[in-house]
Q: 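My questions will all concern the structure given below.
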Amino acid sequence: MVQRIGLVGCGVISDIYLTNAALFRDIAFTACADARPEAARARAETYGITALTLDDLYASPEVDIVLNLTNPEAHAAVSMQALESGKHVYTEKPLATRLEDGRAIVELAAAKGLRVGSAPDTILGIGLQTARRMIDDGTVGTPISGVATIMSRGMEHWHPAPAYYFQPGGGPVLDMGPYYIGALVALLGPVAKVTASGRIGLDERVVTAAGPNVGQRIRPEVPTTIHALLEFQSGTRIALLASWDVWKHGHTPIEIHGGTASLRVPDPNFFGGTVEIARDRDHWEATPTTGNFYGVPNYPAAKPIHANYRGLGLADMAAAIEAGRPHRANSDWAFHILDVMLAILRSAESERAVVVDSRCERPAALSVAEADALLAQAPDAMRSRA
Ligand SMILES: NC(=O)c1ccc[n+]([C@@H]2O[C@H](COP(=O)([O-])OP(=O)(O)OC[C@H]3O[C@@H](n4cnc5c(N)ncnc54)[C@H](O)[C@@H]3O)[C@@H](O)[C@H]2O)c1
């Protein structure tokens, strides 16, 4: 049975979810709502769904899963309200911005027998899944160390309403950390301890993105540069460098160095990319993923350069509900990511190592056949619609 999706939060990211919905067999958007009714009306008009008030959406018998695409500070309240209303939830990252809120979501869902899924579903993309196979099949050997870098000049240059990125709940670790830490946990298992250091790089940011806020001056309330050492339960050590105070750099997104090879993992913000492996000191062997449906660039729509199949994790959750199996982008994994991110922030603030208590299983691998089976039609037939 197709799961009917009610969208809450009709901002920037809702567009790609609504665009991609037609790719997947097991989901259909029926309704949308937003604290700004005009935003809901605009999305409803474009995508042929019904704009509702928030109360009506939570109460709607036409909604099985609430897709929570609100701002991070609102994630917990929206997810809790959806669960209280008897709906499954799939939320944009992070699961919540406070650990106790994340725990409350997990516990309420368990008590009610409802599912909670969470972005980033890029861990299910062909790029990260290809890298994972090279770890799981022993090509890399035992992962020993690595580096992950989240570095850019920040968000005020492209997002029309970027203030939330610099308020509590924002910053590069809580905003982009889910991609990188989520990918690392999916590849290497849970984190046991973190040590971090951070600072606010610039006292003031000026919005240059076109729109109503151009020229707005924002004073960051959270560190915009944080460097952390992650000690995984397995023993692997990863240095995570996260900053929105960087003009340009030469680092790759993630490198993992194992006993028998070094691995370059493509950008975990997207679904495709090129995986590189070095089995000696001289050569990188490249495995591009564009031959796979989920590796074909489809974003931005006008001039595609990235594979952006957001919604894949939601489609996997919908299929899992029908099949009665666990879903992959799940709340245990999302809660652990939140725990690690908050531990990094606490460590930077206290200038001490912080032990991470939570654990999660690595989400199950998603084979090419399993990923293709989530599509509405065979991959070749879908290519023209991607
Ligand atoms: N913009 C991106 O490229 C991007 C990419 C990946 C993930 N995300 C994540 O997606 C989420 C949304 O980001 P965005 O960029 O679309 O933000 P946005 O500000 O463009 O949109 C958020 C929308 O949520 C609405 N909203 C806020 N609180 C609400 C509430 N309590 N109830 C109902 N509606 C509420 C706002 O009115 C707004 O329309 C964030 O969690 C962000 O981390 C964004």
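As the structure lists them, so they are numbered: ligands from 1, and atoms in each ligand from 1. Just so you know, these numbers come straight off a predicted model, no measurement behind them.
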Q: May I ask you to decide whether R346 forms a salt bridge with E351, counting only side-chain N to carboxylate O separations under 4.0 Å?
A: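 Salt bridge absent between R346 and E351.
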
Q: Take every heavy atom of E73, measure it against each atom of ligand 1, and state whether any distance is under 4.0 Å.
A: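 No heavy atom of E73 comes that close to ligand 1.
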
Q: Could you find the nearest protein heavy atom to atom 33 (C) of ligand 1 and give me its residue, atom name and distance?
A: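 Here the nearest protein heavy atom works out to A35 N, 3.3 Å.
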
Q: Would you call the rings of F166 and W244 parallel, tilted or perpendicular if under 30° counts as parallel and over 60° as perpendicular?
A: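 Plane angle over 60°, so perpendicular.
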
Q: Looking just at side-chain N and O atoms, do Y17 and E92 make a donor-acceptor pair shorter than 3.5 Å?
A: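 A donor-acceptor contact under 3.5 Å links the two side chains.
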
Q: When you look for heavy atoms under 4.0 Å from ligand 1, do you find them on the side chain of W158, its backbone, both, or neither?
A: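 The side chain, only.
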
Q: So among L184, L187, I256, which one has a side chain to side chain contact (heavy atoms under 4.5 Å, CB included) with P143?
A: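 Only one option passes, and that is I256.
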
Q: Of the choices N308, L7, L69, V12, which has the non-hydrogen atom that lies closest to atom 12 (C) of ligand 1?
A: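 Among N308, L7, L69, V12, the closest heavy atom to atom 12 (C) of ligand 1 belongs to L69.
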
Q: Where on A74 is there a heavy atom closer than 4.0 Å to ligand 1, on the side chain, on the backbone, on both, or on neither?
A: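 Side chain only.
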
Q: Between R153 and E156, does at least one N-O distance fall below 4.0 Å, as a salt bridge requires?
A: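 Salt bridge: yes.
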
Q: Ion pair present between R325 and D316, side-chain N to carboxylate O less than 4.0 angstrom?
A: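 Yes.
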
Q: Has A77 got any heavy atom lying under 4.0 angstrom from an atom of ligand 1?
A: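 Flag not set, A77 not near ligand 1.
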
Q: Could you tell me whether D175 and K93 make a salt bridge, using a distance below 4.0 angstrom between a side-chain N and a carboxylate O?
A: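 Answer for the salt bridge query: yes.
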
Q: Is the shortest N/O to N/O distance between D34 and ligand 1 below 3.5 Å?
A: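 Yes, since at least one N or O of D34 sits under 3.5 Å from an N or O of ligand 1.
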
Q: What residue and atom, counting heavy atoms only, is the protein's closest point to atom 40 (C) of ligand 1, and at what distance?
A: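 Of the protein heavy atoms, T70 O, 3.5 Å lies nearest.
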
Q: Going by the atom numbers of ligand 1, which of them fall below 4.0 Å from some non-hydrogen atom of L54?
A: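 Near L54, meaning under 4.0 Å from one of its heavy atoms, ligand 1 has 32 (N), 33 (C).
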
Q: Nearest protein heavy-atom contact for atom 43 (O) of ligand 1: which residue, which atom, what distance?
A: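 The protein heavy atom lying closest is K93 NZ, 2.9 Å.
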
Q: Starting from atom 18 (P) of ligand 1, find the nearest protein heavy-atom neighbour and note its residue, name and distance.
A: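 The closest one turns out to be N71 ND2, 3.8 Å.
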
Q: With heavy atoms of V8 as the reference, note each atom of ligand 1 found under 4.0 Å away.
A: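 Counting atoms of ligand 1 from 1, those under 4.0 Å from V8 are 33 (C).
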
Q: Decide yes or no for L23 and F293: does some side-chain heavy atom of the first lie under 4.5 Å from some side-chain heavy atom of the second?
A: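 Heavy-atom side-chain distance check passes, below 4.5 Å.
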
Q: Starting from atom 14 (P) of ligand 1, what is the nearest protein heavy atom, named by residue and atom, and what distance separates them?
A: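 The answer is Y164 OH, 3.7 Å.
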
Q: What is the closest protein heavy atom to atom 6 (C) of ligand 1, and at what distance does it sit?
A: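 Its nearest protein heavy-atom neighbour is Y179 OH, 3.0 Å.
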
Q: Taking NZ, NE, NH1 and NH2 as the nitrogens, is one of them in R362 or D332 under 4.0 Å from a carboxylate oxygen of the other?
A: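 A salt bridge is absent here (no side-chain N lies under 4.0 Å from a carboxylate O).
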
Q: Where does the angle between the aromatic ring planes of F270 and Y299 fall among parallel (under 30°), tilted (30 to 60°) and perpendicular (over 60°)?
A: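 It falls in the tilted class, 30° to 60°.
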
Q: N/O of I13 under 3.5 Å from N/O of ligand 1, yes or no?
A: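 In this structure, I13 places an N or O atom under 3.5 Å from an N or O of ligand 1.
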
Q: Run the salt-bridge test on R132 and D136 with the 4.0 Å N-O cut-off and return the result as yes or no.
A: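 Looking at D136 together with R132, the answer is yes, because their closest N to O distance falls below 4.0 Å.
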
Q: Could you work out, for atom 7 (C) of ligand 1, the closest of M176, H159, E92 by heavy-atom distance?
A: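 Selected option, by shortest heavy-atom distance: E92.
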
Q: Between E73 and R98, does any NZ, NE, NH1 or NH2 come within less than 4.0 Å of an OD or OE carboxylate oxygen?
A: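 Salt bridge between R98 and E73, a charged N being under 4.0 Å from a carboxylate O: yes.
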
Q: Tell me the protein heavy atom at minimum distance from atom 21 (O) of ligand 1, and give that distance in Å.
A: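 Its nearest protein heavy-atom neighbour is G11 CA, 3.2 Å.
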
Q: Among R36, R43, H75, whose heavy atom sits nearest atom 41 (O) of ligand 1?
A: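 It is H75 whose heavy atom sits nearest to atom 41 (O) of ligand 1.
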
Q: For P94, is at least one N or O under 3.5 Å away from an N or O on ligand 1?
A: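 Between P94 and ligand 1 (N or O atoms, distance only) the closest approach is not under 3.5 Å.
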
